[in-house]
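In what follows, a structure is listed as structure tokens, so that the remarks can point back to it.
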Amino acid sequence: MENCKQELYRFVDWMHDPLNLEINCFPVDTLSVCKSLPKTKMLYHEFDTAGLCASSILGDELDLIILNSTRSQLEQNFDCGHEIVHKYKHRGIGQDVFSCVAVKNNYNESSGFFEWEANEGSAELLVPYYSILPEIKKAYPFLNKSKDFIQFKRDMSDKYGVTPSVIEIRFESLKYEIQQHIEGIPIKNIKLLTKKQQHNQHIYLESLNDKQYKKMMAERHQFPLYMSNIDVIK
């Protein structure tokens with residue numbers, strides 16, 4: 001059975017050449033990349049449709065990538081990466097127009113395979129698993145409080161030039177790969193599986209997002225007890 005996540009990540013690696021990108025050079029500026037691509041025009045437009053982040057139109061002579069002008073530059077960086085994946089991976093599939101909608105659960109296979117590929121591909125282009133997994137393994141022993149997770153996400157956002165939401169998406173989509181690396185499996189031996197493949201193999205793991213939430217809830221329960229102890233002391 002073909003591993004679509006593994007195949008997609010290999011394709012994203014291949015994309016570094018036509019995009020003129022160096023491996024392990026961050027942050028990746030997809031906006032600058034797009035402006036330099038041949039037969040590609042990037043435009044900014046304030047879309048009327050709620051939640052519409054970007055769109056691309058693939059043509060024989062020219063490709064158009066249209067970004068929502070009301071989105072932040074970091075958001076546009078991800079959106080542009082999304083459309084670039086469409087440009088290189090989905091040409092000739094019988095569909096020439098693609099639209100990216102800002103829905104959090106749009107980052108899984110249920111959103112449609114091509115949109116999943118564009119989302120996951122953009123995330124891998126900007127925050128590749130082989131780069132962030134070692135960062136997570138190094139930081140993991142120090143993620144003891146919810147604020148530690150928050151700060152780590154901010155640090156990773158700064159490093160990779162993305163929003164904290166993109167880092168959260170990586171925490172979720174890479175939870176199986178993260179667990180493998182934390183347990184000592186080297187990057188070259190990491191097994192890549194989609195969420196659906198994990199489910200089919202009865203692999204159920206907490207993501208770093210889940211662990212942060214548990215830390216936060218535990219801290220909230222401890223805080224009233226701490227305050228009541230102060231009252232007793234008084």
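Just so you know, residue 1 is the first one in the sequence shown, and it goes up from there. Atoms considered below: every heavy atom in the structure, side chains included; atoms not considered: hydrogens, waters and symmetry mates.
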Measure from NZ or CZ of K89 to the centre of the six-membered ring of F11, then state whether that distance is under 6.0 Å and the direction lies within 45° of the axis.
yes
Do Y129 and H181 have ring centres separated by under 6.0 Å?
no
With a 4.0 Å cut-off on N to O distance, would you call K39 and D63 a salt bridge?
no
Cationic N near anionic O, under 4.0 Å, E206 to K214:
yes
Tell me whether the count of non-hydrogen atoms from other residues, nucleotides or ligands lying under 6.0 Å of CD in Q201 goes above 12.
yes
Evaluate side-chain hydrogen bond (donor to acceptor under 3.5 Å, both in side chains) for N119 paired with H82, printing each intermediate quantity in order.
CA-CA 6 Å; N119 282 321; H82 174 110; 3.0 Å; yes
Could you check E83, H86, K35 and say which one makes a side chain to side chain contact (heavy atoms under 4.5 Å, CB included) with I65?
E83
Of the options E117, R10, E120, K195, which is the one that meets K5 in a side chain to side chain contact (heavy atoms under 4.5 Å, CB included)?
E120
Donor-acceptor check, side chain of [X] to backbone of [Y], threshold 3.5 angstrom: yes or no?
X    : Y    : result
E75  : T70  : no
D96  : G59  : no
D148 : N144 : yes

Sorted by chain and number, sequence neighbours left out, side-chain contact (heavy atoms from CB on, under 4.5 Å) with F142 holds for none
Please walk me through it: do K87 and L37 pass side chain to side chain contact (heavy atoms under 4.5 Å, CB included)?
CA-CA 11 Å; K87 171 182 171 68; L37 293 178; 4.0 Å; yes
When the ring planes of F98 and H90 are compared, do they come out parallel, tilted or perpendicular, using 30° and 60° as the limits?
tilted
Parallel, tilted or perpendicular: which describes the rings of W14 and Y88, with under 30° parallel and over 60° perpendicular?
perpendicular
With a 3.5 Å cut-off and sequence neighbours excluded, list the donor-acceptor pairs that the side chains of residues 18-29 form with protein atoms.
unit_1, atom_1, unit_2, atom_2, d
D29, OD1, L31, N, 3.2
D29, OD1, S32, N, 3.2
D29, OD2, S32, OG, 2.7

